[in-house]
Protein chains: 2
Amino acid sequence: MPYDPSAFPPFAVTVDLVVLTVRRHSLCALAVRRGEPPFQGRWALPGGFVRADEDLSQAAARELAEETGLCAHDPSVPAQDNGAHLEQLATYGDPKRDPRMRVVSVAHLALAPDLPAPRAGGDASNARWAPVEELLQQGGYGRDGEPVAPLAFDHAQILADGVERARSKIEYSSLATAFCPPEFTVGELRRVYEAVWGVALDPRNFHRKVTGTPGFLVPTGGTTTRQGGRPAQLFRAGGATLLNPPMLRPEV
Amino acid sequence: MPYDPSAFPPFAVTVDLVVLTVRRHSLCALAVRRGEPPFQGRWALPGGFVRADEDLSQAAARELAEETGLCAHDPSVPAQDNGAHLEQLATYGDPKRDPRMRVVSVAHLALAPDLPAPRAGGDASNARWAPVEELLQQGGYGRDGEPVAPLAFDHAQILADGVERARSKIEYSSLATAFCPPEFTVGELRRVYEAVWGVALDPRNFHRKVTGTPGFLVPTGGTTTRQGGRPAQLFRAGGATLLNPPMLRPEV
DNA sequence: GATCATAGTCGTCTTCCTGACGATAAACAC
DNA sequence: GTGTTTATCGTCAGGAAGACGACTATGATC
């Protein structure tokens, strides 16, 4: 068929962000409160329109910086400091996903270390870290007994997909270190796995596994006591990005 | 920021397809010859515009049917016959990826059993199965000594990403059976792995692995001799979609 | 200061899985 | 029948992981 500029319908293209972190031993996602219809007042994932001259990953990095102040890692430079891991997740384009018009959203997944309180256009009450299970329980009740409205649009599905991606990807990659500060202990890394998977891991076998995988962790020489108990060695993430053999997620 | 319909630039949204199959012991992809500029006469991945009332997966399934006659599997019904596995791959949106206008392409990955010669709008000379390494060697020479032009647009990158997805996904899922006819032998399944990974696998260990994984293969009772040699048992794909522990790709 | 609780670290033992490879079985080509 | 090809079963050694004991080094409590 010949090229005809009028032959395609116009779309709006957005990026939405699943920003995950680990706070107080639970996996949390960044949610922002919508200020306008549709879904006004409801919680949603941060996101926005892709600009005319912008690549998708640029748009995602810009939105991430606007919402959190984080600067996105280039995936090829995993040892950067003070940044977050950012990768494309999936694209959602149901014709009815936005009642206003045809919007295709390219969702991205960001993993960040624990951060200070989020900001959303300077208004802290309109952005928060919430445990993912709280955001995903549609129409249930939150920890404080308040009724919980489901996320706007199809954002519950997007969040669920992002969480699943994170859960499976820390199995066979060193991505769990993206949840940690630049220097961390084996115990802190283990608590990341435990929070993301929602399971308890044996500290001794975990220690053997991560310290025995070449290139995964490199000791910095320092020690610290952050949790009470015996001081622990500090490590940085090593150059290895793939874990082979993988970390095994315990059976249910 | 308030909602303003003029605040976002219009995009064209397309789906592109990486359709993979195994023919003559090598991994092949479907390529179509472009009939109009840009890249006129060059090979490209099949694809087209998403229609106004169509979901992304519907558009991909429609394009797949138009190009190959295959009907896409619903991923939740893996035992369907005469269909192909279809899943979303990734989305490509570089502002300059199409010189005509801003096009965002949602690439999909399809895995199909060996098929008769492809058709593209009824014209067989404009569609072919080509070994992926031939399509990916930019500016080299094909098997027949003819110079090979690289794929149009960013389709070489999309194809490479699709091949990598297929290579890694058959490790931990039963997806390799999507390359096989409804009934197949262990040897045929092994040759799929060998073609996709480009390695030789030990027939005895492979047999032990696939027949020992519960739910992966179910015997149909029949036997066949398709390759010469002793007749082999026929199997269908079992209900298990995840392989745990995974099939290990040999080190290089 | 002794005791206890908490974490971190090192070992051991058993079990399971894999890679390497020998041996047998059942077809076909000559 | 002999050789060739492919399928299938078995054996054995090595590595990785789960279960779990033991020891170490801190802070908290009495």
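Quick note on labels: first sequence line is chain A, next is B, and so on, each numbered from 1.
The CZ-P distance, from B:Phe206 to C:dA20, rounds to 16 Å in whole Å. Between A:Glu194 atom CD and C:dG8 atom P there is a gap of 10 Å when expressed in whole angstrom units. Atom CZ of A:Arg208 and atom C1' of C:dG11 are 10 Å apart (whole Å). When the P atom of D:dG18 is taken as reference, atom OH of A:Tyr193 falls 13 Å away, rounded to whole Å. B:Phe184 has its CZ atom 13 Å from the P atom of D:dA7, to the nearest Å. The separation between B:Arg230 atom CZ and C:dT24 atom C1' is 8 Å, rounded to whole Å. Atom-to-atom, CG of A:Leu189 to P of C:dG8 comes out at 12 Å; the value is rounded to the nearest Å. Here the P atom of nucleotide D:dC20 and the CG atom of A:Leu201 are 15 Å apart, to the nearest Å.
Between the side chains of B:Asp16 and B:Tyr92, no donor N or O sits under 3.5 Å from an acceptor N or O.
For B:Leu248, taking side-chain heavy atoms from C-beta onward, the closest of the listed nucleotides C:dT9, C:dT18, C:dA26 is C:dT18. Ranking D:dG18, C:dG19, D:dA7 by closeness to the B:Asn205 side chain, first place goes to C:dG19. Closest to the side chain of B:Asp202, out of C:dA27, D:dC20, C:dC21, is C:dC21.
Between B:Arg204 and B:Pro245, the residue anchored closer to the 5' end of DNA chain C is B:Pro245, taking for each the nucleotide with the nearest heavy atom. Nucleotides of DNA chain C nearest to B:Gly228 and B:Pro246 differ in position, and the one nearer the 5' end is that of B:Pro246.
Residues B:Leu27 and B:Phe179 are in side-chain contact: their nearest non-hydrogen atoms beyond the backbone lie under 4.5 Å apart. Residues A:Phe235 and A:Thr177 fail the side-chain proximity criterion, which asks for heavy atoms closer than 4.5 Å.
Between B:Lys209 and C:dC17 there is no side-chain polar atom (N or O) within less than 4.0 angstrom of OP1 or OP2. For the OP1/OP2 pair of D:dT8 and a distance below 4.0 Å, the side-chain nitrogens and oxygens of B:His207 include at least one atom meeting the criterion. Residue B:Arg191 has a polar side-chain atom (N or O) positioned under 4.0 Å from OP1 or OP2 of D:dA7. Taking 4.0 angstrom as the limit, A:Arg190 places a side-chain polar atom (N or O) nearer than this to OP1 or OP2 of C:dG8.
Tested against B:Leu17 for a side-chain contact (heavy atoms from CB on, under 4.5 Å), the candidates B:Thr68, B:Leu86, B:Leu30 yield a single pass: B:Leu86.
Heavy-atom minimum distance, B:Leu64 versus B:Ala84: CD2-CB, 4.2 Å.
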